[in-house]
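Residue numbers start at 1 and run along the sequence shown. What's counted below: heavy atoms across the whole structure, side chains too, no hydrogens, waters or symmetry copies.
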Amino acid sequence: MKRYADIVPAALLLAVSLAACRPAPTPKPDAYFRIDPPAENYRRAETLPVTFEISAEATATPASPAEKQPEVLWSQIHYPRYHATLYCSYHPLRGNLTSLLEENRELIYRQSVYADAVQASRFEDEERPLYATLYELSGESATPIQFIATDSLRYLLRGALYFDTPVQNDSITPVLGYLTDEVIHLIETIEYPH
């Protein structure tokens, strides 16, 4: 009997010490699904008079011109994985660069009412020539990424990204980062056939 009496306190002491070694539970912050970008694989989109590279997972389709501006050509670059579309418009230049730039500035800053901030990044390549500005609108803007690109002589290309459904930008930050990189790649690969 004495043996049994010695084992019970030892087993009880072991069980209590093992239970005491667990870390205290801590509340976890809210989390979102992990979103991994696809591998970098590009192809040329040729739906407008200028060409550029887009992700192999994206689809580019020409869109019908507007009745009010038949000279403006449209293309839609759809990212099905992210339920987002980059709407691009091609404007031929006929001495109207200044008015197109002003119109673009008004469109962007009209959206800034809903954005917390607008960050503009400029790109220049005088050898091609290519002059572009990328606009990132933080906060709850309907178009968080916009850009304009021009050679200042023949064309102005404008783009605005829209998601298919309303989203909260803080919950899709990785997607916005990926799509921003995609738009930068698009800008850097613009070519105007000679």
Can you give me the closest heavy-atom contact between [X] and [Y], atom names plus distance?
X      : Y      : value
Pro193 : Pro49  : CD-O, 3.0 Å
Arg43  : Ala60  : NH2-N, 4.0 Å
Leu137 : Ser141 : CD2-OG, 3.6 Å
Leu176 : Ile145 : O-CD1, 3.9 Å
Leu157 : Cys88  : CD1-CB, 4.2 Å
Leu93  : Asn96  : CA-OD1, 3.3 Å

Sequence neighbours excluded, which residues qualify as side-chain hydrogen bond (donor to acceptor under 3.5 Å, both in side chains) partners of [X]?
X     : result
His83 : none
Tyr42 : Glu182
Glu53 : His185
Thr51 : Arg44

Taking the side chain as every heavy atom from C-beta outward, state whether [X] and [Y] have any atom pair closer than 4.5 Å.
X      : Y      : result
Phe52  : Glu191 : no
Val183 : Leu86  : yes
Asn104 : Thr133 : no
Tyr79  : Leu179 : yes

Listed by chain and number, what are the side chain to side chain contact (heavy atoms under 4.5 Å, CB included) partners of [X], not counting sequence neighbours?
X      : result
Asp116 : Ser138
Glu102 : Arg105, Glu106
Glu136 : Gln119, Ser121, Leu134, Thr180
Pro129 : Tyr131, Asp151

| Quick one: are the ring centres of Tyr82 and Phe163 less than 6.0 Å apart? | no
| Aromatic ring proximity Phe147/Tyr135, centre distance under 6.0 Å | no
| field | Nonpolar side-chain network containing Tyr162, other nodes, edges under 4.5 Å | value |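 Grouped by the 4.5 Å side-chain rule, Tyr87 form the rest of the cluster around Tyr162.
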| query | Quick one: hydrophobic cluster around Val72, which other residues, with the 4.5 Å side-chain cut-off, linked directly or via members? | reply |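 Trp74, all in the cluster of Val72.
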Atom pair [atom1] ([X]) and [atom2] ([Y]), whose distance is rounded to the nearest 0.5 Å:
X      : Y      : atom1 : atom2 : result
Leu73  : Thr47  : CG    : OG1   : 9.5 Å
Ile187 : Arg122 : CD1   : CZ    : 12.0 Å
Leu97  : His91  : CG    : NE2   : 11.5 Å
Leu186 : Ile77  : CG    : CD1   : 5.0 Å

| query | So, His78 versus Thr59: side-chain donor-acceptor pair below 3.5 Å or not? | reply |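 No pair is found: no donor N or O on one side chain lies under 3.5 Å from an acceptor on the other.
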| said: Set out, in order, the CA-CA distance, both residues' side-chain angles and the distance that settles side-chain contact (heavy atoms from CB on, under 4.5 Å) for Tyr155 and Leu48, then state yes or no. | reply: CA-CA 11 Å; Tyr155 71 90; Leu48 296 170; over 6 Å; no
| task | List in chain and number order the residues that pass salt bridge (charged side-chain N to carboxylate O under 4.0 Å, His left out) with Glu126, two or more places apart in sequence or in another chain; answer none if no residue qualifies. | result |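 Partners of Glu126 under the salt bridge (charged side-chain N to carboxylate O under 4.0 Å, His left out) test: none.
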| Hey, is CD on Glu71 packed in by over 12 heavy atoms from elsewhere, all under 6.0 Å? | yes
| request: Go through the steps for Leu101 and Ile148 under the test side-chain contact (heavy atoms from CB on, under 4.5 Å), then give the verdict. | output: CA-CA 8 Å; Leu101 291 173; Ile148 55 168; 3.5 Å; yes
